[in-house]
Protein chains: 2
Amino acid sequence: MSAHSKKSIQPDISLTVCGYSKVLEIISNKWTALIIYALEDGRIRYGEIGKRIEGISKKMLTQTLRQLERDGLIRRDVTPSIPPIVAYSLSPLGESLIPLMLELKQWAKTHYSLVEQARAAYDHSVSQEHS
Amino acid sequence: MSAHSKKSIQPDISLTVCGYSKVLEIISNKWTALIIYALEDGRIRYGEIGKRIEGISKKMLTQTLRQLERDGLIRRDVTPSIPPIVAYSLSPLGESLIPLMLELKQWAKTHYSLVEQARAAYDHSVSQEHS
DNA sequence: CGGCATCCTCGGGGATACTG
DNA sequence: CAGTATCCCCGAGGATGCCG
């Protein structure tokens, strides 16, 4: 290969390799961030999470919790009473995400209004040129 | 409201309000992080981005670039020659994301192997209990 | 209470072809 | 070169119902 040396550029950025994407793959599901947020305060029961997060269904709550558990970010403790009590809490690995998440929130606090301005300006200029 | 004070819990975590989610909504599209990564080195042409990112189609490249532009994170400079030259670069707002992204990468570097271990352990224990 | 099983919809995103 | 325009498919995720 490359018998002719036109200096062909090889891909050097890949979804499965890029560190950015690997973390986002973990925390960017629709409800993941919300659940982590709910768990920040400490140990909390299944039902309580559902009540605190607006609009989440039991299906997605369970599914997202399972994923987080599988990734080792949260712990699931079952008290086998009737009815059962199931409480979730962040694992040490999960807690290591908190500083990261706080900076996400901080960025939003200081920059999100600029994003909204940019969107408004962009949409306006686009609608103008189509008139 | 709350005529009866059973201390009914109100949702206090919302997709549209949570700072975590607002940032993730911006940077968590499939190709967004990769493109930001490609732009970190500085001004770069459309075609070059496509060549550097493995597996991206022209459609998704254009579409993701448009979103980033709309959000004010990147700038698009056109030199109207034939053929045209279009170069993209991070805006100041986009550059403000870089420290955040670096920490995402750093977290992956130090913790991702633990996530993989947790996944393997979880999958193993699940397959065990179904035998 | 804390799930799991189903069904269904909607849109993200891939493949391909055309264009100024 | 730097895009549009179409068609199409698959899977995330919502709604609903049943269960130990």
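Quick caveat: nothing in here was measured; it's all calculated off a predicted structure. Heavy-atom basis, side chains included; hydrogens, waters and symmetry copies ignored. Chain identifiers are assigned alphabetically (A, B, ...) following the order of the sequence lines, protein sequences preceding nucleic acid strands; residue numbering begins at 1 within each chain.
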Please walk me through it: do B:E116 and B:R119 pass salt bridge (Lys or Arg N to Asp or Glu O under 4.0 Å)?
CA-CA 5 Å; B:E116 290 178 314; B:R119 284 177 183 167; 5.9 Å; no
Could you check whether any side-chain heavy atom of B:I35 comes within less than 4.5 Å of a side-chain heavy atom of B:L61, counting everything from C-beta outward?
yes
With a cut-off of 6.0 Å (strictly less than), are more than 12 heavy atoms of other residues, nucleotides or ligands near OH of B:Y37?
no
B:Y88, nearest nucleotide to its side chain (from C:dG14, D:dG3, C:dC1)
D:dG3
Which nucleotide wins on minimum distance to the side chain of A:P83, given the candidates C:dG3, D:dA2, C:dC1?
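Nearest to the side-chain atoms of A:P83, counting from C-beta on, is C:dC1.
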Atom-to-atom span, [atom1] of [X] to [atom2] of [N] - whole angstrom:
X: A:D77; N: C:dC1; atom1: CG; atom2: C1'; value: 16 Å
X: B:W31; N: C:dG12; atom1: CH2; atom2: C1'; value: 12 Å
X: B:E25; N: C:dG12; atom1: CD; atom2: C1'; value: 15 Å
X: B:I35; N: D:dG3; atom1: CD1; atom2: P; value: 11 Å
X: A:M60; N: D:dA15; atom1: CE; atom2: P; value: 12 Å
X: B:I85; N: D:dA2; atom1: CD1; atom2: C1'; value: 11 Å
X: A:L15; N: C:dG14; atom1: CG; atom2: P; value: 9 Å
X: B:N29; N: C:dG11; atom1: CG; atom2: C1'; value: 12 Å

Any N/O pairs under 3.5 Å between the protein and nucleotides 4-9 of chain D? List them or say none.
unit_1	atom_1	unit_2	atom_2	d
D:dT4	OP1	B:R66	NH1	3.1

A:T16 side chain to A:S14 side chain, donor-acceptor N/O pair below 3.5 angstrom
yes
Is the phosphate of C:dC1 approached by A:R45 (side-chain N or O, under 4.0 Å from OP1 or OP2)?
no
Residue list, salt bridge (charged side-chain N to carboxylate O under 4.0 Å, His left out) with A:E25, at least two apart or on another chain
none
Would you mind telling me which residue lines up with the more 5' stretch of DNA chain D, A:Q67 or A:P84, judged by nearest nucleotide?
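Counting from the 5' end, the first nearest nucleotide belongs to A:Q67.
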Counting distance only, does the side-chain N/O of A:T62 pair as donor-acceptor with the main-chain N or O of A:K59 below 3.5 Å?
no
OH on B:Y20 to CG on A:L102, rounded to 0.5 Å
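One finds 4.5 Å between CG of A:L102 and OH of B:Y20.
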